[in-house]
There are 2 protein chains.
Amino acid sequence: MKPETDARTDTRKKILDLAEVLMLSRGFNAFSYQHISGELGVRNAAIHYHFPKKTDLGVALIERYRRRFARYVEAQAELSPPVQLDRYFSLADTYYNKQQICPSGILSAELHTLPPEMRQSTASFVEEMRTWAVDIVRRGQVAGAMHYVGTPEGMGTIVFAAMQGSLQLARLDSTALDEVKQQIRLLLGMAQA
Amino acid sequence: MKPETDARTDTRKKILDLAEVLMLSRGFNAFSYQHISGELGVRNAAIHYHFPKKTDLGVALIERYRRRFARYVEAQAELSPPVQLDRYFSLADTYYNKQQICPSGILSAELHTLPPEMRQSTASFVEEMRTWAVDIVRRGQVAGAMHYVGTPEGMGTIVFAAMQGSLQLARLDSTALDEVKQQIRLLLGMAQA
DNA sequence: GCGACTCTACTTACTGGTCAGTAAGGTGTC
DNA sequence: GACACCTTACTGACCAGTAAGTAGAGTCGC
């Protein structure tokens, strides 16, 4: 009766949560159903019951990301662009502390080895994230809180690309992420408070 | 006698060349000795003769990159920083046209699944690339050809991170690479000729 | 208030494929 | 005859995926 204790939902969610951690730290190709079932204390076939093919699991993961991201964007719509940027930076710190990289980073790096259904979802997801980054710097410029050369498209795209890249580099050089965050603030003409 | 037709060198080099293409398009974990031996028209064990463990092949690949990169940097030492940046952009275009991403991108994304020897080589390689990017913008600033806020460390790091990220994103959004290149030129205060 | 039925959520047990890696043998060249 | 450079033939591990069976909980007629 109570949906929050529904066994189906529960195991399914646990699988997705574990798969998410594995994908962001090891990549989609480098984890197996064994990794999940072992950690979860069930048999391999139990995972196949919820997600018949690994592709199904992968698509479900990305689609969950897209829904979560859409809610995240909507929930923060009222915040000022500089505050939204700070939240974005905090999110990157969270990934870094968990030894993970961002979803778009691992998915685009592995793209050519992913099944077509996952590529399609990934393309939509990345498009949504880039649009969001462009939007922040555009509204920041309009509001007079951000000042920079070039277009919002160019600036938003470079912010997105640099954050994705620096999260990866930070695995090898712990200063990279902080350095990029600080430089983005400077390039957006924001106080380095 | 003639080293350029030496069978050993020849096959070994062909293996490395094929492995390089495979790694930059599919990733280190997503290609097998079968992929190489099939393409090369030899048996699997022939690859193992030259590179007993896959780790040996991986390390050899990265070390070859480091040597090649060192030669590349030295050969261009006399060029002006803006020209060096253009060469860097052209290199990125080359990767993009071959549907590949840069070595540091795939290696840092896959880092947690790589054998320790490869991680060590990767760390050195990435460090060298970042230092080089910082150097270009530092010398560009000193020469008065580049103008930007912040330190050369911050600016060089963000250029490196953004190029790595945009090469990955360009697989999903073909405009990303050009947009980032153009924005970098603007942020470095260079004419957009 | 109890047996028959049904559905969810697993289990055991298996298949066929791919993988890295090895051992032992062959062949041409210096 | 020694060495470089392969070959054939194999092993054991892991992989995604499937088929068939089962335990338990809920539902229904009656």
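Note that the structure is predicted; figures quoted are calculated from it, not measured. Proteins get letters first, then strands, A, B, ... in listed order; numbering begins at 1 in each.
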Between [options], which nucleotide gets closest to the side-chain atoms of [X]?
X	options	value
A:Gln34	D:dT8, C:dA20, D:dC15	D:dC15
A:His48	C:dC10, D:dT18, C:dG21	D:dT18
A:His35	C:dT11, D:dC15, D:dA16	D:dC15
B:Ala46	C:dA20, C:dT11, D:dT7	D:dT7
A:Tyr49	C:dT8, D:dT7, C:dG21	C:dT8
A:Tyr33	D:dA16, C:dC10, D:dT8	D:dA16
B:Ser32	D:dC15, D:dA9, C:dC19	C:dC19

Report task. Pick base, sugar-phosphate or nothing for A:Phe31, based on heavy-atom distances below 4.0 Å to the nucleic acid. Result ->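 Sugar-phosphate contact only - A:Phe31 comes under 4.0 Å of backbone atoms but never of a base.
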
Query raised in the report: Which pair of non-hydrogen atoms, one from A:Leu167 and one from A:Ala92, has the smallest distance, and what is that distance?
Result: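 Reported closest heavy-atom pair: CD2-O, 3.7 Å.
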
Requested in this report: Write down the distance between CG (B:Asn29) and P (D:dC15), rounded to a whole number of angstrom.
Outcome: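 My rounded result for the distance is 12 Å.
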
Query raised in the report: Rounding to a whole Å, what distance do you find between B:Asn44:CG and D:dC5:P?
Result: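 That distance rounds to 18 Å.
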
**Report entry** Aromatic contact, A:Trp132 with A:Phe160 (centres under 6.0 Å)
**Finding:**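 Ring centroids of A:Trp132 and A:Phe160 are no less than 6.0 Å from each other.
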
Query raised in the report: Within 45° of the axis and under 6.0 Å from the centre of the six-membered ring of B:Phe28, does NZ or CZ of B:Lys54 qualify?
Result: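 Flagged: B:Lys54 positioned over aromatic ring of B:Phe28.
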
